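Since the structure is predicted, the reported quantities are computational estimates derived from the model, not experimental observations.
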Amino acid sequence: MLDNASLFRYAGELQCMREGAGSVLLSGSASALLSGVFRAMYGDARIVAVSDDRAVLDDALSEDDALVAVNEPFASYDGSGFDIAVSVLAINALDTRELTPYLFGLYDALLDGGNLYLSFPSTERISPYPKKLVDAWYAMDEKVYMKRYVPEDVLMAFSMIGFSIRAIEKDESADLGDITTIHAQKMAR
């Protein structure tokens, strides 16, 4: 469990935001690996992990047998009523045209006032090559295509959808380079 905590260092901040979180949505494979961390913080919460990677969900279930594991792409998932949604390294697998629908899906899944934490490898300028073949974050001997977003593009999408930006952090990772983490809150429509 503690090995996975390094994927998302702001988990402690989440507990301060929603002491009584009743439901947590973990979107994507990297987020699903954090189920044990969130179970430790929110012991009685309903925690749902949505990923199209069955092996990752099985690993998460081995740490948290109360986890609700949904094995399907997030675009197919229609759950709602979450206090917290977490998306770690998920948007980088999306094409640009899929970013806004993905963020709308997270928005729709949250209750009014719900918190979203989105973390992604970023870049300072737009690349002429939308996706680049890089080492997979979970296995250095495997290659994946990853898009690096400019943080301003993600922030613009957030504002169009109806999120209020609460905090933005930038960190460096030896494996992934610059990592941007955004904490946003769902505004009532």
Side-chain angles (χ1 to χ4, degrees), residues 1-94 99 101-120 137-138 154 158 161-169 171 179-189:
M1 176 174 73
L2 294 177
D3 293 339
N4 296 335
S6 65
L7 287 172
F8 196 76
R9 73 174 215 192
Y10 302 101
E13 185 179 324
L14 284 171
Q15 192 169 21
C16 297
M17 296 289 181
R18 289 267 179 163
E19 292 272 339
S23 56
V24 178
L25 171 64
L26 305 175
S27 173
S29 297
S31 301
L33 293 173
L34 297 172
S35 63
V37 173
F38 284 93
R39 178 65 61 209
M41 290 184 340
Y42 305 109
D44 297 330
R46 178 174 160 257
I47 300 177
V48 178
V50 180
S51 174
D52 57 1
D53 188 337
R54 183 75 236 175
V56 169
L57 291 174
D58 289 342
D59 286 347
L61 282 167
S62 72
E63 282 191 28
D64 179 8
D65 58 1
L67 176 71
V68 177
V70 180
N71 187 209
E72 63 185 39
F74 184 74
S76 303
Y77 181 68
D78 63 357
S80 62
F82 291 94
D83 297 305
I84 297 170
V86 177
S87 174
V88 176
L89 306 178
I91 69 168
N92 300 89
L94 303 174
L99 175 62
Y102 176 76
L103 295 177
F104 264 115
L106 291 169
Y107 181 91
D108 290 342
L110 285 167
L111 294 168
D112 287 348
N115 291 291
L116 169 63
Y117 285 81
L118 181 84
S119 183
F120 57 96
W137 63 270
Y138 50 85
V154 178
F158 271 137
I161 291 167
F163 282 107
S164 171
I165 306 303
R166 311 301 285 173
I168 303 167
E169 295 286 336
D171 292 312
I179 303 288
T180 298
T181 302
I182 300 171
H183 167 211
Q185 192 169 37
K186 178 180 178 176
M187 297 185 295
R189 285 192 188 183

Exercise. Please name the pair of heavy atoms, one in A32 and one in A60, separated by the smallest distance, quoted to 0.1 Å.
Key: O-CB, 3.4 Å

Exercise. Provide the closest heavy-atom pair for K186 versus D112 in the form atom of the first, atom of the second, distance.
Key: CE-OD1, 3.5 Å

Quiz item: What is the minimum heavy-atom distance between L57 and V70, and which atoms define it?
Solution: CD1-O, 3.5 Å

Practice problem: May I ask you to test the I182-F163 pair for a side-chain heavy-atom distance under 4.5 Å? | Solution: no

Quiz item: How far does CZ of F158 sit from CD1 of I168, to the nearest 0.5 angstrom?
Solution: 9.0 Å

Exercise. Hey, could you give me the CG/CD1 distance between L106 and I161, rounded to the nearest 0.5 Å?
Key: 8.5 Å

Quiz item: Is a side-chain N or O of S119 found less than 3.5 angstrom from the main chain of T181, in a donor-acceptor match?
Solution: no

Quiz item: For the atom pair CZ (R166) and CG (L116), what is the distance rounded to the nearest 0.5 Å?
Solution: 13.0 Å

Quiz item: With F82, which of L26, V48, L111 fulfils side-chain contact (heavy atoms from CB on, under 4.5 Å)?
Solution: V48

Practice problem: Measure the spacing between OH of Y117 and OG of S31 and express it to the nearest 0.5 Å. | Solution: 13.5 Å

Quiz item: Does G36 offer a backbone N or O that forms a donor-acceptor pair with the side chain of D64 under 3.5 Å?
Solution: no

Quiz prompt | Nearest heavy atoms of S51 and S29, plus distance in Å | solution = OG-OG, 2.9 Å

Quiz item: With under 30° as parallel and over 60° as perpendicular, where do the rings of Y77 and F74 fit, or are they tilted in between?
Solution: tilted

Quiz item: In Å, rounded to the nearest 0.5 Å, how long is the span from CZ of R39 to CD1 of I47?
Solution: 3.5 Å

Exercise. With side-chain contact (heavy atoms from CB on, under 4.5 Å) as the test, would you mind laying out the steps for Y42 and D83 before giving the verdict?
Key: CA-CA 11 Å; Y42 305 109; D83 297 305; over 6 Å; no

Exercise. Determine the minimum heavy-atom distance between N115 and L110, stating which atoms define it.
Key: O-CD2, 3.7 Å

Quiz prompt | Heavy-atom donor-acceptor pair, D171 side chain to I179 backbone, under 3.5 Å | solution = no

Practice problem: To the nearest 0.5 Å, tell me how far D108 CG sits from S80 OG. | Solution: 8.5 Å

Quiz item: Would you say V154 and T180 make side-chain contact, with heavy atoms under 4.5 Å?
Solution: no

Quiz prompt | Residue pair P73 / D52: nearest heavy atoms and the distance that separates them | solution = N-CB, 4.0 Å

